[in-house]
Amino acid sequence: MIDNTKNEEFETILDTIDLSKPAPVDEPKRQYYFIKKARGYVKQMSEKAGRPLFSHVTTFGCQMNARDSEKLTGILEQIGYREETEEEKADFVIYNTCTVRENANQRVYGRIGQLKKGKKDNPYMLIGLCGCMMQETEVVEKLKKSYRYIDLIFGTHNIYKFAELIVTRLESQGMVIDIWKDTDKIVEDLPSERKYFFKSGVNIMFGCNNFCSYCIVPYVRGRERSRNPQDIIREIEALVADGVVEIMLLGQNVNSYGKNLKTPMSFAELLQEIEKIEGLKRIRFMTSHPKDLSDELIEVMGKSQKICKHLHLPVQSGSSRILKSMNRGYTKEHYLELVDKIRTAVPDISLTTDIIVGFPTETEEDFQETLDVVRKVRYDSAFTFIYSKRTGTPAASMEKQVADAVVKDRFNRLLQEVQKISGEVCSVHTDTVQEILVEGVNDHDSLLMTGRMSNNQLVHFPGGESLIGKIIDVKLKECKGFYYIGELLKK
Ligand code: SAH
Ligand code: SF4
Ligand code: F3S
């Protein structure tokens, strides 16, 4: 499935490509050439093996990576691999990695080690690694030294070249490595295979310029680049024509969208344009940085019929001193003021957040400030993280890193508080009727379906699979902490 072009149209484009000629220089034509070329190779391998070949993409990390993985899957499918849900059975395994915290990296090394045996048993097996972790020089050095059986390594900036890199690997022997330090390029109109037919992520910008002092993302995702609004709108229109009713606009800091476009445009303006798209029912976005959250955006959210009643607004810490050291660009007071403004404009909004515990020099008093914010805002939920030292970031060389036992204790206390409050906050909708978008069959009980409210809370209810992808009314019967048990309303 191609998000921007229908499949048949794509085939017509491929038909016009002559593989006896050198590859075109312009993108995306160049990649279409390599998709066609790779198809030939995969077909040959499949004939030799006497069976179809399968691929599996494993995603680590955030929504950006999830969306990138859909692009990887789209290309793998176009070149002839069938999608396989079990990694062990796949002939092409690719890990789209995350490096935001150290434990994310360790998980990847463990998993690559386990792939070695599969590679020995299956002569057609290829292993690829991409994503944020690959942008770190030490990681690639380690892979080159200790994991020689990897076939393909590339980074976050050249993911669009996946087909070309596969061809390079199949025409050579040994590891192919292609990592770019940064890019100003955005390549549009490549294949992508969506995980859900009714909802989709849509990148509106890439990279990050904020350099929060603990964070590695700006180093591995490069400088901030916004997509042209016309390209975004065109993509969403095509998605809607293909059955999508809900979109999630993606960027590390969506609130600074459009600042560097030739004709600058604010995120609030973009949202208003997207709102006009007929057939689109729900708009979500992620992530909002408090320092760039404008009054204009709050106003648009208040008036909108389609923007979901959920705002993820990472606070990171409640201590203004720590926030300064984190280079976040706001104080505790400014953050709480923002929350007030949003709640006034959108009274029933759900707020969620990210919090880091144990940032260098964090004292018990600083931590108490964080607890204070949690108690004042009363988040629907909060992702809590233990600070992880990332080499190359300013915080890594800060003195007074907090002792592990102290951090652990604070983390547990924070988690307790967050969970207590979220239990109370989440149940306020009991006995009301809410619109939900039905997402699928419940993971644990096949008689139940699972849907999502505008505020992002989950509802499980008895119903049939034919409801998947539909927006329906349910009565919320009982709150079970973080989710509801509901009942379908007869129309
Ligand atoms: N762009 C988003 C965050 C992306 S990373 C924003 O600014 O809100 C997702 C979350 O990971 C961050 O919000 C932060 O809470 C956490 N995080 C990032 N770097 C971290 C580190 N070094 N240690 C622990 N948590 C970290
Ligand atoms: Fe990291 Fe800060 Fe950028 Fe978010 S805004 S990705 S936390 S540097
Ligand atoms: Fe991880 Fe990269 Fe996202 S480091 S959190 S996958 S941008």
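In what follows, residues are counted from 1 in the order of the sequence shown. Counting starts at 1 for both ligands and their atoms, in listed order. Fair warning: this is a prediction, and the values are worked out from it, not measured in the lab.
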Distance to 0.1 Å, residue and atom name: give those for the protein heavy atom nearest to [atom].
| atom | answer |
| --- | --- |
| atom 9 (C) of ligand 1 | Asp354 OD2, 3.8 Å |
| atom 24 (C) of ligand 1 | Ile386 O, 3.4 Å |
| atom 16 (C) of ligand 1 | Arg101 NH1, 3.2 Å |
| atom 23 (N) of ligand 1 | Ser388 N, 2.9 Å |

Task: Under 3.5 Å donor-acceptor, Glu224 side chain and Pro218 backbone - done: no
Open item on the list: Between ligand 3 and Arg221, can you find any atom pair, the residue atom being a heavy atom, that is separated by under 4.0 Å?
Closed with: yes
Option whose closest heavy atom lies nearest to [atom], chosen from [options]:
| atom | options | result |
| --- | --- | --- |
| atom 6 (C) of ligand 1 | Val254, Ile216, Thr287 | Thr287 |
| atom 4 (S) of ligand 3 | Thr156, Asp68, Thr99 | Thr99 |
| atom 3 (Fe) of ligand 2 | Cys62, Cys208, Gly207 | Cys208 |
| atom 1 (N) of ligand 1 | Gln252, Arg390, His289 | Gln252 |

Task: Side chains of Lys291 and Asn255, donor plus acceptor under 3.5 Å - done: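 Absent: no donor and acceptor within the cut-off.
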TODO: Please state which part of Phe385 comes within less than 4.0 Å of ligand 1, counting heavy atoms only: side chain, backbone, both or neither.
DONE: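 Within the 4.0 Å criterion, Phe385 contacts ligand 1 through side-chain atoms alone.
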Open item on the list: For Lys291, which part has a heavy atom under 4.0 Å from ligand 1: side chain, backbone, both, or neither?
Closed with: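 Answer for Lys291: neither.
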